[in-house]
Amino acid sequence: MLVAVAGQEQGFQLCPLDDLGRPSGAPMHVTDLAPAVAEWERRAQPRWVWASTAEVYPALLAAGVPVGRCHDIELTEALLLGYAGRWGEPRSLAAAWARLTGAPVPPDPPPRPPVPPGGGQGELFAPAPPPTAGGGTGLETLVKVYADQRARIDAVEQPRRFRLLVAAESAGALVAAEMGRTGLPWRADIHRALLVELLGEPSPVGPPRRLAELSAAIGEAFGDPRLHPDSPAEVLRALRRAGVDVPSTRSWVLRQVDHPAVPLLLKYKELYRIWTAHGWAWLDTWVHDGRFRAEYVPGGVVSGRWATRGGGALQIPKVVRRAVVADPGWRLVVADAGQLEPRVLAAVSGDRRLAAAAAAGDLYAALAADAFAGDRAKAKVALLGAMYGQTGGDALPALATLRRNYPVAFDYVESAARTGEAGGLVRSWLGRTCPPASATWADPEPDAGGDRSAPVARARARGRFTRNFVIQATAAEWALTLLATLRPLLAGLGELVFFQHDEVLVHCPAERADAVVAAVREAGERTRRLLFGDTEVRFPLETRIVECYADAK
DNA sequence: TACAATGACACA
DNA sequence: TACGTGTGTCATTGTA
């Protein structure tokens, strides 16, 4: 059962569609969408076909009307354009319609700046209403573009997989809107106590006490009390004066330097980052009513991973996770997919011997026992090096061992790299396609500095990107499918509150935590079958029931 | 004064 | 143990 919903200047039009996507009833016009959607959901749990979940769904959620399934035209359009090598072309319903009719294609609106929740200027920056598609009614446009998308999906090389990709991407958009609304339980009082413990008391004018002390101590160590430790250029000059010649002030470079200021600098960098990125200002901006609410952007990363707008939700430092605490009487179920990327490689490449190792709980240990004389660290370095395109270092002999013993898997990533170096496109398991190289990539000219090796270096970099893409994008699909599969299983048990690449958090009453764990396992099993059928590869989900996120690792 | 590029570091 | 991919955010620095 499908129902199309199109927004217009005055209200909305709804129309049931048959299994082929053709209108199968009279369109109805409503001014208030939520009650109509609620009624359809109650009667038939249809799949909603609409232009953009991000535009439509938040208002439904605000009205207390969640939906089960949808087809997101814009996200699907982006996937289809990418598949056709037309990455980056406008993806809106209006643009898709214009391409169908040969009209001039309107550009997509620019991405909105992050808007903190409850920010006073929300109205000023409110997004413009979606443009009403020109020519015919919005509903006709929507239905025709939907039909066109179905036809294009049928024409891809692996339509069954691509349909799954579209369904998962659309379901992900529902989850993203719901999670952005629900928010992650966040104890501002614990966060503040943590900040004082780490940074000292805040100062109304400058850095907090501990940072000011460290800054002074660093100045003293360099014999320059006016030195700014947060200016890499100044620190570099000070180090040179002290006879230390380093290419940068990166932490891992400084760690190899023997100078009394170095430990102070490293500590300063660590604390400074917490102060600027997750300090009092962040707390006041992003945490309200005991929840941290970020805006999740499905498909925001080329590999299909989500991005976030505002608050840096995907980069919460581990120390700060102490502030993520379940409500009284509730628990957090933290589930993460361990060793996801090597398992993905085993599954997509079809390497029987690697798949056998990936049937184990600890893939690296199994790999070590099988081919690396029990050296787990070496096995891990080899596999990661193969997936990420390691070029040098002590991983090289291990890579040779890997190539000899797992030639099918090795070939899979090598071939992706060669395709990229030659300027070609690669696809994930479900058919997400990598963006083409930039226009300057194929430029045979040396770079601006006259470096003749630049074209070769660019090709190598492109090869590393495509090599990694086939793995990272497929891992993102696995996680997205898990999310989509888990969502309905959680009904009445708990709510999804956080998602970060290969990790999911569910907030639930304590007495339901065990049922949530079971739901997570079931979702993991379904996800494996949906993506890879009867593969031998296992994707174990480690689950922990905790009160505080920091206790999960 | 405003914007873009850079460097740094957090996460997976 | 060393520099492999993908991000977002902040401050500094340089340019318009």
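Just so it is clear, the structure is predicted and the values come from calculations on it, not from any experiment. Sequence lines set the chain letters: A, B, ... in the order given, protein chains first and strands last, and positions in each chain run from 1.
The phosphate of C/dG6 has neither OP1 nor OP2 within less than 4.0 Å of any side-chain N or O from A/Arg305. OP1 or OP2 of B/dA12 lies within a sub-4.0 Å distance of a side-chain N or O belonging to A/Lys318.
Atom-to-atom, CG of A/Leu345 to P of C/dT5 comes out at 17 Å; the value is rounded to the nearest Å. In this structure, OH of A/Tyr296 is placed 18 Å from P of C/dT7, rounded to the nearest angstrom. In this structure, A/Phe292 atom CZ and C/dG8 atom P are separated by 14 Å, rounded to whole Å. Atom P of nucleotide C/dA11 and atom CH2 of A/Trp282 are separated by 16 Å, given to the nearest angstrom. A/Tyr272 has its OH atom 16 Å from the P atom of B/dG7, to the nearest Å. Following rounding to the nearest Å, A/Arg255 (CZ) and C/dT1 (P) show an atom-to-atom distance of 9 Å. The distance between atom CD1 of A/Ile316 and atom C1' of C/dG8, rounded to the nearest whole Å, is 12 Å. Rounded to an integer number of Å, the gap from NZ of A/Lys269 to P of C/dA11 is 15 Å.
Other residues, nucleotides and ligands place no more than 12 heavy atoms under 6.0 Å from the CD atom of A/Glu220.
Among the heavy atoms of the strands lying under 4.0 Å from A/Arg273 is at least one base atom, whether or not backbone atoms are also near. At the heavy-atom level, A/Arg321 lies under 4.0 Å from the strands shown only through sugar-phosphate atoms. The residue A/Gly311 sits close only to the backbone: its heavy atoms come under 4.0 Å of sugar-phosphate atoms, none of a base. At the heavy-atom level, A/Gly310 lies under 4.0 Å from the strands shown only through sugar-phosphate atoms. Residue contacts for A/Leu384: at a heavy-atom cut-off of 4.0 Å it reaches no nucleic acid atom on any strand shown. Nucleic acid contact class of A/Thr276 (heavy atoms, under 4.0 Å, all strands): sugar-phosphate only. Among the protein residues, A/Phe469 comes within range of no part of the nucleic acid, since none of its heavy atoms lies under 4.0 Å from any strand.
The residue from A/His278, A/His191, A/His288, A/His507 that alone fulfils the ring-ring contact (aromatic ring centres under 6.0 Å, His included) condition with A/Trp186 is A/His191. A/Glu197 pairs with exactly one of A/Arg322, A/Arg209, A/Arg192 by the salt bridge (Lys or Arg N to Asp or Glu O under 4.0 Å) rule, that one being A/Arg322.
Taking the ring axis of A/Trp286 as reference, the NZ or CZ atom of A/Arg293 does not stay both within 45° of it and closer than 6.0 Å to the ring centre. Figure legend: A/Arg427 and A/Tyr83 shown as a cation-pi pair, the cationic atom lying under 6.0 angstrom from the six-membered ring centre and within 45 degrees of its axis.
Of the candidate nucleotides B/dA12, C/dT7, B/dA8, B/dA12 has the atom nearest to the side chain of A/Asp502. Here B/dA8 is the nucleotide among B/dA8, C/dA2, C/dG8 with the atom lying nearest to any side-chain atom of A/Ser248. Comparing B/dA8, C/dG4, C/dC3 by their nearest atom to the side chain of A/Tyr388 picks out C/dG4. In the set B/dA12, C/dT13, B/dA8, B/dA12 carries the atom at the smallest distance from any side-chain atom of A/Gln500. The side chain of A/Gln472 sits closest to C/dG6 out of C/dA11, C/dG6, B/dA8. Here the side chain of A/Phe465 is nearest to one of B/dA8, C/dG6, B/dA10, namely C/dG6. Relative to the side chain of A/Ala307, the nucleotides C/dT5, C/dT7, C/dA2 differ in distance, and C/dT7 lies closest. Checked against B/dA12, C/dA2, B/dG7, the side chain of A/Pro232 finds its nearest nucleotide in B/dG7.
Note on A/Arg86 versus A/Glu89: salt bridge recorded, some NZ/NE/NH1/NH2 to OD/OE distance being below 4.0 Å. Comment: A/Arg487 engages A/Glu178 in a salt bridge, judged by a side-chain N to carboxylate O separation of less than 4.0 angstrom.
For the pair A/Arg544 (side chain) and A/Ala552 (backbone), a donor-acceptor distance under 3.5 Å is present.
Closest-nucleotide positions on DNA chain C for A/Asn468 and A/Gly300 were compared, and the one nearer the 5' end corresponds to A/Asn468. The 5' end of DNA chain C is approached more closely, in terms of each residue's nearest nucleotide, by A/Gln256 than by the other of A/His501 and A/Gln256.
The stretch residues 219-231 of chain A touches DNA chain C through A/Asp230, A/Ser231, each having a heavy atom under 4.0 angstrom from the strand.
A/Asp362 and A/Gln339 share a donor-acceptor pair across their side chains, judged by distance under 3.5 Å alone. Residues A/Asp411 and A/Tyr406 have side chains that never bring a donor and an acceptor to within less than 3.5 angstrom of each other.
Consecutive Watson-Crick or G-U pairs involving DNA chain C, each under 3.5 Å on both distances, make up stems of three or more pairs at B:1-12 with C:5-16.
The distance from the CG atom of A/Asp502 to the CG atom of A/Asp336 is 6.0 Å, given to the nearest 0.5 Å.
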